[in-house]
Amino acid sequence: TGGGDGGGVGSGEGPGTGRGEGGTSMPRAELLLIPPDAPRALRGRTVEVTLTIDPAGRVREAEITRSSGDRRYDESLRRRSLEWKFYPARDAGNRPVEVKHRLEFDI
């Protein structure tokens, strides 16, 4: 048999990210973001695209900021990313705002 009681005390703070005061929430994809199929020679590489997402959640600009090493694949990813739709980022007042959003894909 056993018994016991206890209590916990903590600061309520810890590692992580969140909205915090005065912060902007990041956009969320409305659908699964799927990059184009990569040629076998590119598999295992990481590519990064930086998106400009407007207050309506539309991608207005897309820039490949870490290349796959294949210009055709990079351009295919850039064009596809212009079709993606997001729930927009929001400022501390919960108003939709334009943001730059970076995404990495392991291809």
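The chain is numbered in sequence order, starting from 1.
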pair [X]-[Y]: side-chain heavy atoms closer than 4.5 Å:
X      : Y     : value
Phe86  : Arg28 : no
Tyr73  : Ile64 : no
Ile107 : Thr46 : no
Val49  : Thr65 : no

For Glu75, salt bridge (Lys or Arg N to Asp or Glu O under 4.0 Å) partners two or more places apart: Arg78, Arg79
- prompt: Residues two or more places apart in sequence or in another chain: which of them pass salt bridge (Lys or Arg N to Asp or Glu O under 4.0 Å) with Arg58?
  reply: Asp54
task: Working to the nearest 0.5 Å, report the span between CG of Asp70 and CZ of Arg45.
output: 8.0 Å
Would the distance check show the side chain of [X] and the main-chain N or O of [Y] forming a donor-acceptor pair, the cut-off being under 3.5 Å?
X     : Y     : result
Arg60 : Thr52 : no
Ser81 : Leu77 : yes
Arg95 : Pro55 : no

Closest non-hydrogen atom pair between [X] and [Y], with its separation:
X     : Y     : answer
Trp84 : Val59 : O-CG2, 3.5 Å
Leu51 : Ala62 : CD2-CB, 3.8 Å
Ala89 : Thr24 : CB-CG2, 4.1 Å

- prompt: Would the number of heavy atoms belonging to other residues, nucleotides or ligands and lying under 6.0 Å from CZ of Arg43 be above 12?
  reply: yes
field: Asp74 versus Ser68, side-chain donor and acceptor atoms under 3.5 Å
entry: yes
field: Residue pair Lys100 / Thr50, side-chain donor-acceptor N/O under 3.5 Å
entry: no
task: Please answer: with hydrophobic residues joined when any side-chain heavy atoms are less than 4.5 Å apart, are Leu103 and Tyr87 in the same cluster?
output: no
